[in-house]
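Let me begin by presenting the structure, written as structure tokens, before commenting on it.
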Amino acid sequence: MNAIAAPKSSAQNRLEGFTLTAILQGFPTFAAAALLLKLARHDIAGGVVLFVVLTSVLHGLFTPWLAPKFPKFFRHGYEPLFFNASLSFAEKIAKWRERPTTSVQLVTSELMLALLAVAVVSMK
């Protein structure tokens, strides 16, 4: 049996890149922003869930379009690897996790979210 994979369509590749950008880069950022707003006792119109989901989706949509035009401003929020058509979805995540900067980004996000969560929960 021949195990050659069929080429991935450009629409599927864009969808994978959008999904990975929104979930792995946008979601932690905007969840932290929502916690900061909650800590500052600021109400979010529409609710926290709508804010985080909507901003993550918009981040996933606009970042791939704007990042090549303005690389200086988007160097930390855009991963070109997510849009590599030669890699499968799982390979994109695996290769992204192998990078040294990714581990720093993940640990920083995890510690920041934990600290903000404790601060928000301890509010009266």
Side-chain angles (χ1 to χ4, degrees):
M1 180 182 227
N2 201 352
I4 297 174
K8 187 185 306 185
S9 71
S10 63
Q12 181 183 0
N13 186 51
R14 280 193 308 269
L15 180 63
E16 288 177 357
F18 155 75
T19 304
L20 290 171
T21 301
I23 292 173
L24 297 178
Q25 293 182 318
F27 186 77
T29 302
F30 297 113
L35 282 171
L36 279 172
L37 289 171
K38 182 73 173 171
L39 188 60
R41 299 184 190 274
H42 188 290
D43 290 332
I44 299 172
V48 174
V49 173
L50 180 66
F51 170 77
V52 173
V53 169
L54 187 61
T55 53
S56 296
V57 168
L58 290 174
H59 176 78
L61 285 174
F62 289 118
T63 299
W65 176 58
L66 291 171
K69 296 175 184 178
F70 306 102
K72 185 177 182 180
F73 296 111
F74 289 91
R75 65 178 172 248
H76 298 295
Y78 174 67
E79 183 56 60
L81 179 69
F82 291 161
F83 297 91
N84 186 343
S86 65
L87 300 173
S88 71
F89 190 77
E91 289 173 330
K92 290 177 183 182
I93 295 171
K95 289 197 178 288
W96 177 68
R97 287 179 48 222
E98 289 173 359
R99 294 183 174 185
T101 55
T102 301
S103 63
V104 171
Q105 180 184 8
L106 291 174
V107 168
T108 302
S109 294
E110 187 263 332
L111 288 173
M112 178 181 58
L113 287 172
L115 180 65
L116 287 171
V118 168
V120 168
V121 170
S122 65
M123 287 181 5
K124 290 185 179 182

Please, which pairs that meet salt bridge (charged side-chain N to carboxylate O under 4.0 Å, His left out) have at least one residue in residues 42-70, sequence neighbours excluded?
-> none
Check: residues 82-91 side-chain donor-acceptor pairs under 3.5 Å, at least two apart:
unit_1 : atom_1 : unit_2 : atom_2 : d
Asn84  : OD1    : Ser86  : N      : 3.0
Asn84  : OD1    : Ser86  : OG     : 2.7
Ser88  : OG     : Glu91  : N      : 3.2
Ser88  : OG     : Glu91  : OE1    : 3.4
Glu91  : OE1    : Ser88  : N      : 2.8

Looking only at heavy atoms, the pair that brings Tyr78 and Pro64 closest together is CE1-CA, 3.7 Å
Tell me, please, which residues at least two apart from Arg99 pass side-chain hydrogen bond (donor to acceptor under 3.5 Å, both in side chains).
-> Glu79
With sequence neighbours excluded, residues passing side-chain hydrogen bond (donor to acceptor under 3.5 Å, both in side chains) with Thr55 | none
Distance-only criterion, 3.5 Å: show the donor-acceptor pairs between side-chain atoms of residues 14-27 and protein atoms not counting sequence neighbours.
unit_1 : atom_1 : unit_2 : atom_2 : d
Glu16  : OE1    : Lys8   : NZ     : 2.8
Glu16  : OE1    : Lys92  : NZ     : 2.9
Glu16  : OE2    : Gln12  : NE2    : 3.4
Thr19  : OG1    : Leu15  : O      : 2.7
Thr21  : OG1    : Gly17  : O      : 2.8

Distance-only donor-acceptor hits, side chain of residues 100-107, under 3.5 Å, sequence neighbours excluded:
unit_1 : atom_1 : unit_2 : atom_2 : d
Thr102 : OG1    : Trp96  : O      : 2.7
Ser103 : OG     : Pro100 : O      : 2.8

Can you hop from [X] to [Y] via hydrophobic side chains spaced under 4.5 Å?
X: Leu39; Y: Leu35; result: yes
X: Leu36; Y: Val120; result: yes
X: Phe73; Y: Phe62; result: yes

Tested for side chain to side chain contact (heavy atoms under 4.5 Å, CB included) against Ser56, the lone hit among Val52, Leu54, Leu58 is Val52
Which distance, rounded to the nearest 0.5 Å, do you find between the CZ of Phe74 and the CG of Leu66?
-> 4.5 Å
